[in-house]
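What follows is a set of notes on a single structure, which appears directly below.
What you see is a predicted model; the values in this text were computed from it and never measured. A, B, ... follow the sequence lines: proteins, then strands. Residue 1 opens every chain.
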Amino acid sequence: MLDKTYSPAEVETRRYAEWEREGAFAAGHRDDATPWAVMMPPPNVTGSLHMGHALNMTLQDVLTRYWRRRGHDALWQPGMDHAGIATQMVVERNLAAEGKDRREMGREAFLDAVWQWKGESGGMIVNQLRRLGATPDWSRERFTMDDGLSRAVRRIFVGLYKDGLIYRDKRLVNWDPKLGTAISDLEVESKETKGHLWHFRYPLEDDPATHVTVATTRPETMLGDTAVAVHPEDARYAALIGRHVTLPLVGRRIPIVADDYADPEQGSGAVKITPAHDFNDFEVGRRHGLEMINVLDAAGRINEAAPEAYRGLDRFEARTRIVADMEAAGLLERIDDHVHMVPYGDRGGVPIEPWLTDQWYCDAKVLAEPAIKAVEEGRTRFVPETWTRTYFDWMRNIQPWCISRQLWWGHRIPAWYGPDGTIFVEESEVEAYRAARAHYGEEVDLAQDEDVLDTWFSSGLWPFSTLGWPDETETLKRYYPGDVLVTGFDIIFFWVARMMMMGLYAMDEVPFRTVYIHALVRDAKGQKMSKSKGNVIDPIDLIERYGADALRFTLLSQAAQGRDVKLSEQRVEGYRNFATKLWNAARYCEMNGCTPRSGFGPRSARLTVNRWIVGEAAKTGRAVTAAIEGYRFNEAATALYSFTWGTFCDWYLEFTKPILAGEDEAAAEETRATTAWVLDHILHLLNPLMPFVTEELWDALGDDRAHRLITAPWPDDPDDLADPAAFEEMDWIVRLISTVRAVRAEMNVPASAKIPLAVKDATPRQAEWLGMHEDLILRLARLSSITRTDTPAERGSAQAILDEATLILPLADVIDLDQERARLAKEIGKLDQEIAKIDAKLSNDQFLAKAPDDVVAEQRDRRDDAEATKQRLAEALERVAETA
RNA sequence: GGGCGGUUAGCUCAGCCGGUAGAGCAUCGGUUUUACACACCGAGGGUCGGCGGUUCGAACCCGUCACCGCCCACCA
């Protein structure tokens, strides 16, 4: 006997352990089955499960569970990302707490410490995923820094280098002075900042009393100015072009150049040029052959290239000092308040500095071409489709990708430098030495590049590196390309685009056929969850209080395409209630002997109500299947919720109670069998969404299950399970009973009956009232059609139900006649309005001429119905009036 | 500045091919009824953001405006 309420905590741990023990998630056991694959976006090894993961993983899990049960050889490939910067920061912080410093330890000792940290505290998220019920093939778990994947990284790097698609270049990069590393464009976040616009006067060299005014938001960069630019057609400055100014505080003689970049409308129309510290100025400098003077060191302090007075100052201290000095020199014209966008590093949290360094770049432009083409040709498609445009926009304007990072934790760049600086890019040190020997004709010492690769470089290989590439493994052949990638829009550029490029480069084939992009999870008010706002909801906390099924269902119910998920605890609670509801329905089934009948086929049902529920169940099944395959998870959730609760529990179970309690044993038995079948069907369909409670019930209710539900074949729901006649009749009955209920409520009858067949005595007064509702009685007579039978015996049972039915009417000792009169009058008013509306339509020649016949017929029917109802209500009103 | 998305009941959102505007929650009223009070029954609540157009007919298609959100962008 099932307990009175469902307690998720115990069931979830027990069930998950069983599944895992039995190897239920493992791919590769069905050689004859069609492969189906999804790649888990590898969470950071530093990560713990947040709501975004919970959504992302739930979606993948539903798909995986679905296709697995559909009979495919489903692979959900799990793993973790080494997360270069994030991990290095965590470990450095831990070491700092012990009074240790990375640089003092040295590279090797530090890396040992990171690996040790990974072994002890990394990957917490993997166990949290188990709490969520996720079923990737854990036996295949990979790590971006494991041997195989590292080998893949080196192989690709060498290949790209030799193809000329990776190269070394000296140019401005986004430099994070706090972390001391370059970062890519994508890792820069612009933040609107209130600042100032300082207007400085630069005196002319040959006429120091005359100034050119330039405005800047970054006074400290003036130390590196090497020109002032004006627009070539700006009349105000035409005479100055080619002359020079003396750079204040520095004393450098710098030219006034003409360049389109200077906007005459902006400020004074003259702009200071600092080629080493501004991306635009860099370009201007290049055009005019200007000197590039780097005045900052790696930590963002003023370096030796600047006048002594400023050396060693932090860039912001230098700013203050310079403004003061300029003012003292009488060269500060004015200060305006100014709001502008300041670039920040997304990890370091400090403003990034455009800085001139040597870095490794990947020629993304070339790699992007096939990746663009693949999407144009539909070999990979985005769901929802709207993201296609975002993808194209970025890919078509893609910039060189800076792939080197001045960190220690990551894939070290497989490049070695000879004594004269010759670069040897090889997959191993041995090969590098071999190449060097060939090059120099003698043994030389080589030094490996100190830098590591951007984390996303290895993530880009994930779809094939995890499957064994560069070896041509069976696994790789079988599961590449994957069917779908499930991810949030925030990493389309970081990850999806890179996988497309790398996949096409290495495999000459797209990495996945479909990219399903889901939204962000926000708090109940629609705000982004963040630690600083204190509105972060912990998925594990919700799982503990409401169960993993409830959390999953909540996320799924809102996973509509193109909409954010707003997570409110109230909703989670609601779906917890849903699990309980299902549990109790199953309990009811158990108590009434509605357990699966091995020989029972849903087609054999004869009673209308049974034929009807079977058809509804089948319809729901088809809806769920279509929704999952179409990535409309919210529709799957809604269909199941409303069928289970609104149709099965509220209508079917209530409706059949009299049949179960009745004397017609055949009808009762058929109903028990049907009930069990429908419940089973619900468990089947709901299983990918709510795996725990469904498995538990499946197990509890069936005696000899051939499968666990997790591996049971997905049900097919053929069209012909739905019997139109049964639908029509039930529809009528349902409407009738609704009417009865409404009347009962209107009469204020304390109902002692469930629906609808229980009150057996009517007083004369009540019988009199029934006269006022003749229409109802007439309709009730048709309840005989609850059964669709013709044999005398069956007709007898139908009659029995009918007999009872006539006695069920909700009856009151007292009716408030005034209230009843008002109600009827109101109803009649509404009907009049409706009739008038339809009449207008039906008298419109255009409508009659152009609307399809069925639409016109429908309007006529509606009008007739409304008219008939109105007639009945009018008569009832009359009787009420008489009675009063 | 460019792009994308949104605006439907008090709240959160569905609404597919243009044909009677929906759900959940919340609110209010009723019900201890042997599956379930984490429940059941019922009720109220709408100018579908504004304006214009197409159409016999528009929440839906087109145009335009307003407001909100997000992404991208080098403007000193």
Side-chain angles (χ1 to χ4, degrees), chain A residues 2 4-6 190 197-199 214-218 221 229 261-263 265-274 278-283 338 340-341 343 354 384 386-387 389-390 393-394 397 489-490 492-493 519-520 522 524-526 528 546 550 557-558 560 562-564 566-568 570-571 573-592 630 632 634-635 638 641-642 645-646 649-650 653-654 657 738 741-742 744-746 748-755 758 834 837-838 841 844-852 854-856 858-859 862 866:
Chain A
L2 293 167
K4 195 163 177 182
T5 50
Y6 171 59
S190 294
L197 198 52
W198 287 272
H199 296 255
V214 296
T216 182
T217 53
R218 303 205 48 204
T221 63
Y261 168 65
D263 178 358
E265 305 294 311
Q266 197 81 25
S268 66
V271 58
K272 66 192 256 326
I273 301 297
T274 321
D278 182 282
F279 289 100
N280 290 308
D281 293 6
F282 181 81
E283 295 302 324
H338 185 64
H340 61 139
M341 302 297 270
T386 171
W387 293 105
R389 189 182 175 122
T390 306
D393 284 351
W394 191 71
N397 296 301
F489 60 79
D490 48 335
I492 290 181
F493 306 142
L520 250 44
R522 296 169 178 281
K525 291 181 206 132
K528 207 166 172 173
Y546 299 107
S557 74
Q558 289 183 85
R563 280 256 197 187
D564 284 340
K566 287 182 190 148
L567 190 78
S568 79
Q570 198 178 41
R571 235 176 132 131
E573 194 181 339
Y575 292 124
R576 185 272 318 265
N577 295 352
F578 176 54
T580 306
K581 182 74 180 178
L582 177 69
W583 182 266
N584 278 299
R587 194 159 162 263
Y588 165 87
C589 290
E590 188 185 40
M591 291 168 77
N592 285 281
R632 298 185 306 269
N634 60 320
E635 288 184 17
T638 306
Y641 184 93
S642 74
W645 200 320
C649 291
D650 287 351
L653 291 186
E654 297 300 338
K657 277 175 184 172
S738 294
R741 281 176 175 170
R744 176 158 57 189
E746 198 64 42
N748 216 4
V749 176
S752 54
K754 298 236 179 192
I755 316 161
E834 195 185 339
K837 220 166 121 184
I838 301 172
K841 239 181 197 183
N844 182 334
D845 293 341
Q846 298 275 17
F847 173 71
L848 295 175
K850 297 194 179 177
D854 58 325
V855 171
V856 176
E858 200 186 318
Q859 294 295 325
R862 274 185 56 207

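- Atom P of nucleotide B:rC36 and atom CG of A:Leu653 are separated by 13 Å, given to the nearest angstrom.
- Between the A:Asn584 side chain and the A:Arg587 main chain, no donor and acceptor come within less than 3.5 Å of each other.
- A salt bridge does not link A:Lys837 with A:Glu834: every distance from a Lys NZ or Arg NE/NH1/NH2 to an Asp or Glu carboxylate oxygen is 4.0 Å or more.
- Mapping A:Trp583 and A:Phe578 onto RNA chain B by nearest heavy atom places A:Trp583 at the nucleotide closer to the 5' end.
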Practice problem: Give the C-alpha distance, both sets of side-chain angles, the deciding distance and a yes or no for side-chain contact (heavy atoms from CB on, under 4.5 Å) between A:Glu283 and A:Tyr261. | Solution: CA-CA 9 Å; A:Glu283 295 302 324; A:Tyr261 168 65; over 6 Å; no
Exercise. For side-chain contact (heavy atoms from CB on, under 4.5 Å), just list the numbers for A:Leu197 and A:Thr216, CA-CA rounded to whole Å, side-chain angles, deciding distance to a tenth of an Å, and then say yes or no.
Key: CA-CA 5 Å; A:Leu197 198 52; A:Thr216 182; 5.7 Å; no
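- Residue A:Asn397 contributes atom CG, which lies 18 Å from atom P of B:rC71 at whole-angstrom precision.
- The glycosidic torsion of B:rC17 lies within 90° of 0, which places this base in the syn conformation.
- Looking at heavy-atom distances under 4.0 Å, A:Cys649 makes contact with a base.
- Following rounding to the nearest Å, A:Asp650 (CG) and B:rG42 (C1') show an atom-to-atom distance of 13 Å.
- Atom CD in A:Glu590 sits roughly 19 Å away from atom P in B:rU34 (whole-Å rounding).
- The partner of B:rG42 is B:rC28, by the rule that a Watson-Crick or G-U pair needs both atom distances under 3.5 Å.
- Atom name C1', nucleotides B:rG15 and B:rG6: the rounded distance is 15 Å, in whole Å.
- To the nearest whole angstrom, the two P atoms, one in B:rG10 and one in B:rA73, are 41 Å apart.
- Residue contacts shown for A:Asp263 include a base, since a base heavy atom lies under 4.0 Å away.
- Nearest heavy-atom pair, A:Ala262 versus A:Ala229, reported as atom, atom and distance to 0.1 Å: CB-O, 3.7 Å.
- Taking a pair to require two hydrogen-bonding distances under 3.5 Å in either a Watson-Crick or a G-U wobble arrangement, B:rC17 remains unpaired.
- Nucleotides B:rU54 and B:rC62 have their P atoms positioned 15 Å apart, rounded to a whole Å.
- Rounded to whole angstrom, the span from the NZ atom of A:Lys581 across to the C1' atom of B:rC38 amounts to 10 Å.
- Contacts of A:Ala262 with the nucleic acid, taken as non-hydrogen atoms under 4.0 Å apart, include base atoms.
- Here the separation of B:rC17 from B:rA26, taken at their P atoms, is 33 Å to the nearest Å.
- For the P atoms, the distance from B:rG44 to B:rG24 is 15 Å, rounded to whole Å.
- Pairing for B:rG1 goes to B:rC72, judged as Watson-Crick or G-U wobble with the two contacts each under 3.5 Å.
- For A:Gln570, whose side chain is taken as the heavy atoms from C-beta onward, the closest listed nucleotide among B:rA39, B:rC25, B:rA37 is B:rC25.
- The closest donor-acceptor contact from the side chain of A:Gln558 to the backbone of A:Asn634 lies at 3.5 Å or more, if one exists at all.
- Straight-line distance between the P atoms of B:rA58 and B:rU20: roughly 12 Å, to the nearest whole Å.
- Residue A:Arg587 contributes atom CZ, which lies 14 Å from atom C1' of B:rA37 at whole-angstrom precision.
- Using cut-offs of 30° and 60° for the angle between ring planes, the A:Phe578 and A:Tyr575 rings count as perpendicular.
- Across all strands shown, B:rA66 forms a Watson-Crick or G-U wobble pair, both distances under 3.5 Å, with B:rU7.
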Quiz item: For every nucleotide of nucleotides 8-23 of chain B, 5' to 3': is a protein heavy atom under 4.0 Å from its base (B), only from its sugar-phosphate (S), or from neither (-)?
Solution: ----SSS----BB---
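- Using a 4.0 Å heavy-atom distance criterion, A:Thr390 is classed as making no nucleic acid contact.
- Rounded to an integer number of Å, the gap from A:Asn592 CG to B:rC36 P is 11 Å.
- Computed from coordinates, the A:Tyr588 OH to B:rC40 P distance equals 14 Å when rounded to whole Å.
- Nearest nucleotide to the A:Met591 side chain, out of B:rC70, B:rC56, B:rA35: B:rA35.
- The backbone N or O of A:Lys841 lies less than 3.5 Å from no partner atom in the side chain of A:Gln859, so there is not a single donor-acceptor pair.
- Rounded to a whole angstrom, the distance from the C1' atom of B:rC36 to that of B:rG57 is 46 Å.
- Toward the 5′ end of RNA chain B lies the nearest nucleotide of A:Ala586, the other residue of the pair A:Glu265 and A:Ala586 mapping further downstream.
- At the phosphate of B:rC40, OP1 or OP2 sits under 4.0 Å from a side-chain N or O atom of A:Trp645.
- Across B:rA59 and B:rA21, the matching P atoms stand 8 Å from one another, rounded to whole Å.
- Across every non-hydrogen atom of A:Thr274 and A:Thr221, the tightest pair is CG2-O, 3.2 Å.
- Phosphate contact (OP1/OP2 of B:rC38, side-chain N/O of A:Asn584, threshold under 4.0 Å): absent.
- Here A:Arg218 lies out of heavy-atom contact (under 4.0 Å) with every strand.
- A:Asp650 approaches A:Lys581 most closely through the heavy-atom pair OD1-NZ, 4.3 Å.
- Contact annotation for A:Lys272: no contact, since no heavy-atom pair falls under 4.0 Å across all strands.
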